[in-house]
Amino acid sequence: MGLDRHKVIAVLGTLDTKAREVLYLRDLFWAGGYPTVIIDVGFLPARGNLSDITNTEVLKGIGIDIKTLASAGKRDEMMEAMGRGAGRLLVEMHREGKLAGVIALGGNQGSAIGALAMRDLAFGLPKILISTVASGNIRPYVGCKDIAVFPAVGDLVGGPNPVTGTSLANAASALMGMAGKETPVIMNQPGVNIALSALGNTEQAASLAGDLLKDRGFQVIPFHASGAGGSAMEELIQNGIFAGVLDLTIHELTEEVVGAGVYQPVNPGRLKAAGGKGIPQVVSPGGMEYLCFGPRETIPARFRKRRIYMHNPYNANVKATREELKRTALVMAERLNASRGPVAVMIPLRGWSVYGAEGGPLYDGKGNETFVKTLKGHLKKGIILKEIDARINDSPFVHACVNQLIKFLPNHSDILRIK
């Protein structure tokens, strides 16, 4: 099915500096039969009447006068306000059924504003950011949202050229392709959706758990516990689409507590959403015994004397100390104790990951014991804690986790298998 012609593609750009690129995108969409709405998110007046929604209107919607904001001279506040204002407009358009997709472009400023605006939109709506800073650290821009990022390659100055014009055209074609297709509805049965967390070090366990749950009629949605993945899972749990959570790999909690590692959650607060929603959760300490960094040279000096195992040339696993594991256990207990639904903690006594299993380069039996002892001493009555004589990727442990989650779920035997 093609695009509903009552819907538009929103094009966001700073028209004081990127007008020619924005108009080039508009023309591409028009040529493809896609109506557009141009939203000016720049701070200076644009030449000519180019926008459908002016920068003044963007800010007026959130009660801010553009002249007053500009006179303060605080660029961070200006960009934050423009992003919020544009985001409000986009959400309203989407709520009214008028929005088919969004595309934004820019350098640091335009990327920050465009990404901030798009982060307010629902999962699944096509979103593309064309950015001159795409090869750098774009986590602060994208967060845990489903925003596709296209490198501009060249600088977006002076209008499209053979390099930037190609990048812009490819991005426009991608958005038209996404907007012209119906997004599959994968979350229309919240009673059968199960969230599952995984890393490469626990992939074998996650794969088996997913198969077992699918055999029982559940739709399993795995999340990679690499910071953005766990945060996305928490957000979608909060949105109410899951019946239960098998949080097999809570590695991100260690990095959140220690305050180091590239897999720190984008949004702090791992292990809070399921408890807040009151849905069943089964939790295991997958990957909690180490911190993740990039290539070896990126490991901070204070961690370089620890045990290190290179997962690949671009990913270093650095052993967490026993004191760090103790602190993480205290935070874990505090968050699980706040849960309004059933909780079980499943401990694989022979190791929490491939590298952290008995005989592995990051295994520390006494450190694991310290963690478990601390957890036992602080979990409130009513939270189940089971210790299983197995490694996390062993079949008996995975079966125990799945069976425990099934016990928590009401009327699970009546759920039909999803084809």
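Of the charged side-chain nitrogens involved, none lies within less than 4.0 Å of a carboxylate oxygen, so that R327 and E323 do not count as a salt-bridged pair. Using a 4.0 Å cut-off between charged side-chain N and carboxylate O, R391 and E358 make no salt bridge. Under the 4.0 Å criterion applied to side-chain N and carboxylate O atoms, E256 and R335 are assigned as salt-bridge partners. Between D394 and R350 there is no salt bridge, since no side-chain nitrogen of the basic residue lies less than 4.0 Å from a carboxylate oxygen of the acidic one. Residues R88 and D120 are not paired through a salt bridge, judged by the lack of any N-O separation under 4.0 Å between the basic side chain and the carboxylate.
A 4.5 Å side-chain heavy-atom check between F397 and L248 finds at least one atom pair inside the cut-off. Annotation: side chain of M79 is not in contact with side chain of M82 (no heavy-atom distance under 4.5 Å). Annotation: side chain of V37 is not in contact with side chain of L89 (no heavy-atom distance under 4.5 Å). Using a 4.5 Å heavy-atom threshold, the side chains of M178 and I128 count as touching. Put simply, the side chain of D52 does not reach to within 4.5 Å of the side chain of V8, judged on heavy atoms. Side-chain atoms of E255 and C292, non-hydrogen and from C-beta on, do get closer than 4.5 Å to each other.
For the residue pair H378 and T374, no side-chain donor N or O sits within less than 3.5 Å of a side-chain acceptor on the partner. Between the side chains of S197 and D247, at least one donor N or O sits under 3.5 Å from an acceptor N or O. Defined by atom type and a distance below 3.5 Å, a donor-acceptor pair is present between the side-chain atoms of N108 and Y141. With 3.5 Å as the limit, one finds no donor-acceptor pair spanning the side chains of E21 and T164.
Partner I194 forms a side chain to side chain contact (heavy atoms under 4.5 Å, CB included) with one of I221, I406, L405 and no other, that one being L405.
Closest of all the heavy-atom pairs between L175 and K127 is CD1-N, 4.4 Å. Taking each heavy atom of G287 and T202 in turn, the nearest pair found is N-CG2, 4.4 Å.
Between F303 and F293, the gap from one ring centroid to the other is short of 6.0 Å.
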